[in-house]
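Throughout, numbering of the chain's residues begins at 1 and tracks the sequence. As a basis for the values below, the full set of heavy atoms in this structure was taken, side chains included, without hydrogen atoms, waters or symmetry mates. As the structure is a computational prediction, the values presented were derived from the model and not from experiment.
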Amino acid sequence: MSFVLTRGTKELLPVDVDDATDQVTTLIGATNVKFDVKKEDGTVMYSNQAASVTDMRISGLVATSAAHPSGLWAEGHYELYIEFTVVTEDVRIGPIDIYVIGQS
């Protein structure tokens, strides 16, 4: 899975979670649901940002626009990480590739 975003846009990035044990069928009761985005060089673009849950999908709103504290994101490769707690497990999924291209 990867995402391609155009510079200057705001987009909801949906990540479908699969439970290999088939015991978890919804993440609605998950807690501490959040996401991080880092540049390839380790620069943090988002840290502990709130995310939403629908069934087995976690979505985070990513803005590559000038409204972001770091300004308009540079073209290039970024990494998305999703985190949540379900039952007794603290889960971190990633990296999921994000490629920022062009300008809107």
What is the distance from atom [atom1] of [X] to atom [atom2] of [Y], rounded to the nearest 0.5 Å?
| X | Y | atom1 | atom2 | answer |
| --- | --- | --- | --- | --- |
| I58 | I82 | CD1 | CD1 | 6.0 Å |
| T31 | E83 | OG1 | CD | 11.5 Å |
| D36 | M45 | CG | CE | 12.5 Å |
| L13 | S2 | CG | OG | 11.0 Å |
| D55 | T26 | CG | OG1 | 5.0 Å |
| Q49 | F35 | CD | CZ | 4.5 Å |

In terms of hydrophobic clustering (I, L, V, M, F, W, Y; side-chain heavy atoms under 4.5 Å; direct or indirect links), are [X] and [Y] co-clustered?
| X | Y | result |
| --- | --- | --- |
| V91 | M56 | yes |
| L27 | I93 | yes |
| V17 | V33 | yes |
| V53 | V15 | yes |

Check [X] against [Y] and note the closest heavy-atom contact, atom names and distance.
| X | Y | value |
| --- | --- | --- |
| V44 | Y46 | CG1-O, 3.4 Å |
| D97 | H77 | OD1-NE2, 2.6 Å |
| M1 | I96 | O-CG2, 3.7 Å |
| L61 | L12 | N-CD1, 3.7 Å |
| L5 | V62 | CD1-CG1, 4.1 Å |
| W73 | V100 | CE3-CG2, 3.9 Å |

Once salt bridge (charged side-chain N to carboxylate O under 4.0 Å, His left out) is applied, do any residues pair with D16, and if so which ones, sequence neighbours excluded?
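For D16, the residues satisfying salt bridge (charged side-chain N to carboxylate O under 4.0 Å, His left out) (neighbours in sequence not counted) are R57.
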
Please name all residues satisfying side-chain hydrogen bond (donor to acceptor under 3.5 Å, both in side chains) with E11, sequence neighbours left out, ordered by chain then number.
T9

Under a 3.5 Å distance rule, please check whether T64 uses its side chain to pair with a backbone N or O of T6 as donor and acceptor.
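Checked: pair present.
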
Between K38 and E79, does any side-chain N to carboxylate O distance fall below 4.0 Å?
no

